[in-house]
Protein chains: 2
Amino acid sequence: MNLSIAEENYIKSIYKLQEGDEVVTTNALAYELDTKPASVTDMAKKLNAKKLIDYEKYKGITLSAEGKKAALQIVRRHRLWECFLVDKLAFSWEEIHELAEELEHVRSEKLTNRLSEYLGNPVIDPHGDPIPDAHGKMAKPRPQTSLDQANAKRLVVTAVTDQSTALLAFLNAKGIKLGTQLEIVAHYEYDNSIEIKLKQLPALTISEQVAKNIMVRPV
Amino acid sequence: MNLSIAEENYIKSIYKLQEGDEVVTTNALAYELDTKPASVTDMAKKLNAKKLIDYEKYKGITLSAEGKKAALQIVRRHRLWECFLVDKLAFSWEEIHELAEELEHVRSEKLTNRLSEYLGNPVIDPHGDPIPDAHGKMAKPRPQTSLDQANAKRLVVTAVTDQSTALLAFLNAKGIKLGTQLEIVAHYEYDNSIEIKLKQLPALTISEQVAKNIMVRPV
DNA sequence: TTAATTATTTAGATTTGTCTAAATAATATT
DNA sequence: AATATTATTTAGACAAATCTAAATAATTAA
């Protein structure tokens, strides 16, 4: 099955949104891919015809077995390139995502496997996400939530979902990066803000909007 | 200037065909890119409008200064990835070209420069071709000719221009690879064949057609 | 120099992936 | 249950990159 770059991006996003095995809605996918719902409908028909997804009008989208296999290959390539960029080229966490977005579309299995070997067959990427092996097998994803929905007090930052330079610069200024440990001091419903404390720093307040884009897991 | 992958491939091929500063014809470019002359005319208009080439109806194509700069960046990326594939991932010479064709389109300058640094800022690629530096400067290309036009007797194989699996398998079977040294025993005009001798092997005969695709330099 | 050949361009169509605007279905509200 | 709202799909258009077939320009041969 030969997939275009656009098709690969759809498959990857559907995989990401599926999470358990939930049905993915047209609107959610359009938002994720930064495109319009009408475009998603068009592509859904095409991927359904190729048997990569199960799709029925108004019933949403799920990946077929074959679609899942394709998704895991793409995710494997993405995460291996992220390892390469951090381990070998000394890139920092906020720079690697968009580069890996491009590198992941080089579809050679031989290249992917050689790269994996070269990196020492890593099983987690720099964000802490598991890397599928050549057969698509991978460890259980770590229990991540966004910071605004975390219920544990002591947390560690594992990723940011929004890669905009504005957000990244903001986080940088606040001293928040991948692996940063923090505690939730208070969550104010009143003005949708969250007060957090980083080690050896005074407490600081961020909006729920920002917190939504910060992925964390209990530590 | 943001170039599409198609545009980059045109720029690269024009650069390759220009050699000195010769005008590139529509047909030659179509053949090089494995496309149709009509498509080349279409793209020529576009690249001319973007001021990357100088093009006038029926007068052929040359790269503008800006086009040359763009070409050198693409060539730089291509050759650096070829180094990476051979030096770090242990690929062999006949496998790297088509992978580098894809990797070269990841346009990040930071990635390119980090990669170069990681590889020890190499100045020639695995085929012996010079690698432009970050400013587009590079060493003079080695004096390569195709095997059928070589006048020296003792030669070393530096590249093959046709990357078809058929040719590569053929060369492999004959024991010819990158760096192989050979002598021209005879050149028969009569049946357009060339008799060559590899070290420690009996002489063998190949057609001019094949020889056209084998690049060599005197040793 | 006229005719034949070859090279190049134009015109119009096709594919992929996208869009807007309008229509329809599903869901929520009163 | 009827109405309003939201989600999704359809219809028709567009841009990029390509193609075929026909027209035109340039070159070569007679």
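Naming: A, B, ... by sequence-line order, numbering from 1 per chain. Heavy-atom basis, side chains included; hydrogens, waters and symmetry copies ignored.
For the OP1/OP2 pair of dT18(C) and a distance below 4.0 Å, the side-chain nitrogens and oxygens of Y10(A) include at least one atom meeting the criterion. OP1 or OP2 of dT18(D) has not a single side-chain nitrogen or oxygen of S39(B) nearer than 4.0 Å. Applying the 4.0 Å criterion to OP1 and OP2 of dT20(C), one finds that K36(A) has a side-chain N or O inside that range. At dT9(C), none of the side-chain N or O atoms of K45(B) fall inside 4.0 Å of OP1 or OP2 (strictly under the cut-off). Contact annotation: T26(A) side-chain N/O to dT9(D) OP1/OP2 distance is under 4.0 Å. Side-chain nitrogen and oxygen atoms of Y55(B) include at least one within less than 4.0 Å of the OP1 or OP2 phosphate oxygen of dT9(C). Distances shorter than 4.0 Å separate none of the side-chain N or O atoms of N27(A) from OP1 or OP2 on dT6(D). Residue T35(B) has a polar side-chain atom (N or O) positioned under 4.0 Å from OP1 or OP2 of dC19(D).
Whole-Å rounding puts the E8(A) CD to dT16(C) P distance at 16 Å. Distance, D42(B) CG to dA16(D) C1': 10 Å, rounded to whole Å. The CD1-C1' distance, from I5(B) to dA16(D), rounds to 13 Å in whole Å. Protein atom CD of E7(A) is 10 Å distant from nucleotide atom P of dT18(C), rounded to whole Å. As rounded to whole Å, 13 Å separates atom C1' of dA7(D) from atom CD1 of I61(A). Summarising the geometry, the separation between CE on M43(A) and P on dT9(D) is reported as 15 Å, rounded to the nearest angstrom. In this entry the distance linking OH of Y58(B) with P of dA26(D) reads 7 Å, nearest Å. For the pair K59(A) NZ and dT24(C) P, the interatomic distance rounds to 19 Å; values are reported in whole Å.
Looking only at distances, no side-chain donor or acceptor of S146(B) sits under 3.5 Å from a matching main-chain atom of I214(B). Panel note: side chain R79(A), backbone A100(A); no donor-acceptor pair is recorded below 3.5 Å.
No close placement of the H97(A) and H127(A) rings is indicated, their centers lying 6.0 Å or farther apart. Ring centroids of F84(A) and F91(A) are separated by 6.0 Å or more, keeping the two rings apart.
In summary, of the residues considered (T41(A), L47(A), I14(A)), a side-chain contact (heavy atoms from CB on, under 4.5 Å) with Y55(A) occurs for T41(A) alone.
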